[in-house]
Protein chains: 2
Amino acid sequence: MLSRRYLPSMPSLLALEAVERLGSASAAAEELNLTQSAISRQLQVLEGQLGLGLIIRDKHRLRLTPAAQDYCREIRRALQALNQASLTLRANPNGGTLNLAILPAFGMHWLAPRLARFAAQHPEVTVNLSTRLQPFDFAISHFDAAIHYGRQDWSGVDYLPLMAEDLLAVSSAGLLKTPLASADDILSYPLLQLESRTGDWGRWLAHHGTPNQRPPAMLFDQFATMTQGAIHGLGVALLPLFLIERELTENRLTPVFGPAIPSLGSYYLVWPKDAVPRAPLASFRNWIAAERDA
Amino acid sequence: MLSRRYLPSMPSLLALEAVERLGSASAAAEELNLTQSAISRQLQVLEGQLGLGLIIRDKHRLRLTPAAQDYCREIRRALQALNQASLTLRANPNGGTLNLAILPAFGMHWLAPRLARFAAQHPEVTVNLSTRLQPFDFAISHFDAAIHYGRQDWSGVDYLPLMAEDLLAVSSAGLLKTPLASADDILSYPLLQLESRTGDWGRWLAHHGTPNQRPPAMLFDQFATMTQGAIHGLGVALLPLFLIERELTENRLTPVFGPAIPSLGSYYLVWPKDAVPRAPLASFRNWIAAERDA
DNA sequence: GAGAGCATATGAGGTTTCCTCATGTTTTGT
DNA sequence: ACAAAACATGAGGAAACCTCATATGCTCTC
């Protein structure tokens, strides 16, 4: 329950926030279209209400105490959330919102091209996308659903399988002087891999008859940067086929050895098992299942 | 930059929040120590300012539109953050706060017993603990630092090693009728393992001369539940020694085969590389380094 | 189906908060 | 030394907020 007693007023919080950011009451006043006098008073009001000093008034300069700076960090985040929520509501007065955590590569290549159709089909839902590289706890985040790659190893969620994945070993055209005679010749080139998928090269080698290897490789946190690395000749990368179709047709990447092999994990839409049902999520789930089967 | 124009007033947000939660304006009025009249007007003010209807007035009952419910979810979170920040500031006017993400088992067994000393040494810092089972992105969370188990595989952070770990194979006293003749006899018992550490049993077997195994095992997301499972005879678990000292001395768990083996990962304190230096984090880092070496 | 009980809405009016204007004081820079 | 710039504050008005009193409509019970 929220007690009204300890919630400062909006103007006083805005004043503090702006003063912290801009460094002076005058500048804050200008930004907020107020007078310097108003800011000065609001700061006093806030100090009075919280019952402590927030500002060190030193030679007619304002400086926040360390505690006030911490406080400011928190309230800025909260104010931005309020602002964002209000703007979203104005932009979309009839529908709901769907907060979706995506994986950057999947979001860019699979979801983004299709999402316009969802928007057309469900104009009442605004989709907010935010990238997350790792699974997270739904209970302490504000997401309705997430895109997950891997196996069904996220606890407390339900899964909708979206897509399997094939991995192809590729490099820039110039990297290999001569074609590889066998798969394990690849070990003489620098290998690139994703932090979150360090087993992939081992699986690729096993698939080509060289088991129990776990070759060293350069680490990237996202496919986008790894793809760029490969294009620029940094080494050989094992990349999902659906991400690099353009790079292959435009010869910026070329296959190195063998065909694409099926990836160990798949892409899923996941959402918390215990969430209260919400229309936007249900619409999205139905839509994405249909897209998958299209 | 926060525009003052679209930020509703505090009373109007509180009114909406309470109405959504309590279902009526009268109940909201009582909770907020206001009159029903005040609530009714604030709702109208809010609708006016946002320029849209939030409430379906149906037979003298108030019902929020779906969009308003979504909006409510967001503002409630923000209001709670403001409330929390204000209370924290009042409780601790001189110092900073340190938001720390911990691993539950490490937090309970290693950190908790020591944390009182930090509090005594640094009364000016309030430590907020929150458990996280997986690495996360510091840029989009509000944490100052985190406890990490594994290798140095979290990107964009600095590391302070805290502790290595030894793993012991244990079960309830009654589970094994006869002592194991060899390590791989363990495969005939159900094995328990952590979701995030699925390679551990393979390493344990390799350590005892049986390489390249990846035995199936029951999955747990936290050590606490897994320990309870082992105590109640669910199977054999590979548990960090520092977590189960009591269980061993009190014979609720007994070693199954062999001594403890060193774990692949270690515990670290990690914090974002690019963060602006803050006194609470520096104090904590210094303190925890000293604790580690004590 | 009449009346009690409980909702919300609203007119009128008071109180508090918020803001500006005008002015004073101190510091900084030229 | 003087201008410019910064913050503080007294006074007063405007806006926001709240209450009281009252009106109206729904629902449930007898």
Side-chain angles (χ1 to χ4, degrees), chain A residues 2-65 68 72 75 79 82 86, chain B residues 2-65 68 72 75 79 82 86:
Chain A
L2 292 160
S3 74
R4 200 161 42 112
R5 300 230 315 273
Y6 296 140
L7 272 178
S9 71
M10 210 56 96
S12 63
L13 292 175
L14 284 167
L16 181 68
E17 192 279 333
V19 165
E20 202 266 352
R21 189 157 36 81
L22 302 171
S24 85
S26 312
E30 192 176 354
E31 175 173 295
L32 295 171
N33 292 313
L34 295 173
T35 57
Q36 168 268 325
S37 173
I39 300 296
S40 174
R41 286 171 197 286
Q42 284 300 337
L43 295 179
Q44 291 170 35
V45 165
L46 187 58
E47 288 184 310
Q49 192 182 354
L50 293 171
L52 49 96
L54 296 170
I55 287 164
I56 304 162
R57 290 159 170 89
D58 181 36
K59 301 182 193 304
H60 278 227
R61 283 290 135 86
L62 301 184
R63 211 153 40 80
L64 300 207
T65 66
C72 228
I75 64 164
L79 291 175
L82 287 177
S86 303
Chain B
L2 293 160
S3 74
R4 197 161 41 112
R5 301 229 313 273
Y6 296 139
L7 272 178
S9 71
M10 209 57 95
S12 63
L13 292 176
L14 284 168
L16 181 68
E17 193 278 334
V19 166
E20 202 266 351
R21 188 156 37 80
L22 302 171
S24 86
S26 311
E30 191 176 354
E31 175 174 294
L32 294 171
N33 293 313
L34 295 173
T35 57
Q36 169 267 327
S37 173
I39 301 295
S40 175
R41 288 172 194 285
Q42 284 300 336
L43 294 180
Q44 292 169 35
V45 165
L46 187 57
E47 287 184 312
Q49 193 182 357
L50 293 171
L52 50 95
L54 296 170
I55 287 164
I56 304 164
R57 289 157 172 91
D58 182 36
K59 304 183 195 300
H60 277 225
R61 285 289 135 85
L62 302 184
R63 211 153 41 82
L64 300 206
T65 66
C72 228
I75 65 164
L79 290 175
L82 287 177
S86 302

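Throughout, a chain's letter reflects where its sequence line sits, starting with A, and its residues are numbered from 1. Computation of the quantities below employed the complete heavy-atom set of this structure, encompassing side-chain atoms and omitting hydrogens, waters and symmetry-equivalent molecules. All values derive from a computational prediction rather than experimental measurement.
- In this structure, the separation between CZ on R41(A) and CG on L34(A) is 13.0 Å, given to the nearest 0.5 Å.
- Heavy atoms only, all atoms of each residue included: L16(B) and C72(B) are closest at O-SG, 3.9 Å.
- For the pair I39(A) and L62(B), nearest-nucleotide mapping onto DNA chain C gives the more 5' position to L62(B).
- Not one N or O on the side chain of S12(A) forms a donor-acceptor pair closer than 3.5 Å with the backbone of P8(A).
- Interatomic distance, CD1 of I75(B) versus CG of L13(B), reported as 4.5 Å (0.5 Å rounding).
- At a threshold of 4.0 angstrom between heavy atoms, the contacts of A38(A) include nucleobase atoms, whether or not backbone atoms are also involved.
- The heavy-atom pair separating S9(A) from M10(B) by the smallest distance is C-CE, 4.4 Å.
- Residues Q49(A) and L7(A) come closest through the heavy atom pair NE2-O, 3.4 Å.
- Scored by the side chain to side chain contact (heavy atoms under 4.5 Å, CB included) test, R57(B) finds L43(B), Q44(B), E47(B), I55(B), L62(B) as partners (sequence neighbours excluded).
- The shortest non-hydrogen separation linking L64(B) to E20(B) is CD1-CG, 3.1 Å.
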Going 5' to 3' along nucleotides 25-30 of chain C, which nucleotides have protein heavy atoms under 4.0 Å from the base (write B), which only from the sugar-phosphate (write S), and which from neither (write -)? BBSS--
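- Between the CG atom of L43(B) and the P atom of dC17(D) there is a distance of 13 Å, rounded to whole Å.
- The interatomic distance linking L32(B) (CG) with dC17(D) (C1') rounds to 13 Å, in whole Å.
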Can you tabulate the close N/O pairs, meaning under 3.5 Å, that link protein atoms to atoms of nucleotides 12-14 of chain C?
{"unit_1": "dA12(C)", "atom_1": "N6", "unit_2": "R41(B)", "atom_2": "NH2", "d": "3.3"}

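- Within the 4.0 Å cut-off from OP1 or OP2 of dA6(D), not a single side-chain nitrogen or oxygen of S24(A) is found.
- In the interface, the side chain of Q44(A) is not paired with the base of dA8(D) through any donor and acceptor atom under 3.5 Å apart.
- Between the CG atom of L46(B) and the C1' atom of dC17(D) there is a distance of 14 Å, given to the nearest Å.
- The nearest pair of heavy atoms linking L50(B) to S86(A) is CD2-CB, 4.1 Å.
- Within the structure, a side-chain polar atom (N or O) of S26(B) is placed less than 4.0 Å from OP1 or OP2 of dT8(C).
- Of the candidate nucleotides dT8(C), dC7(D), dC18(D), dC18(D) has the atom lying nearest to any side-chain atom of Q42(B).
- Distance, L14(B) CG to dA16(D) P: 18 Å, rounded to whole Å.
- Nearest approach of A15(B) to I39(B), heavy atoms of both residues: CB-CD1, 4.2 Å.
- Every residue two or more places apart in sequence or in another chain was checked for a side chain to side chain contact (heavy atoms under 4.5 Å, CB included) with E30(A), and none qualifies.
- Following rounding to the nearest Å, M10(B) (CE) and dC18(D) (C1') show an atom-to-atom distance of 18 Å.
- Separating the CD1 atom of I55(A) from the P atom of dA8(D) is a distance of 8 Å, rounded to the nearest angstrom.
- An angle of 30°, rounded to 10°, separates the two end axes of the helix from dG1(C)-dC30(D) to dT30(C)-dA1(D), each defined over five pairs.
- Of the two residues near DNA chain C, S9(A) and Q36(B), the one whose nearest nucleotide lies more 5' is Q36(B).
- Under the rule for a side chain to side chain contact (heavy atoms under 4.5 Å, CB included), the partners of S26(B) that lie at least two apart in sequence or sit in another chain are S24(B), Q36(B).
- The interatomic distance linking L34(A) (CG) with dA15(D) (C1') rounds to 13 Å, in whole Å.
- One can place CD of E30(B) at 13 Å from C1' of dC6(C), the figure rounded to the nearest angstrom.
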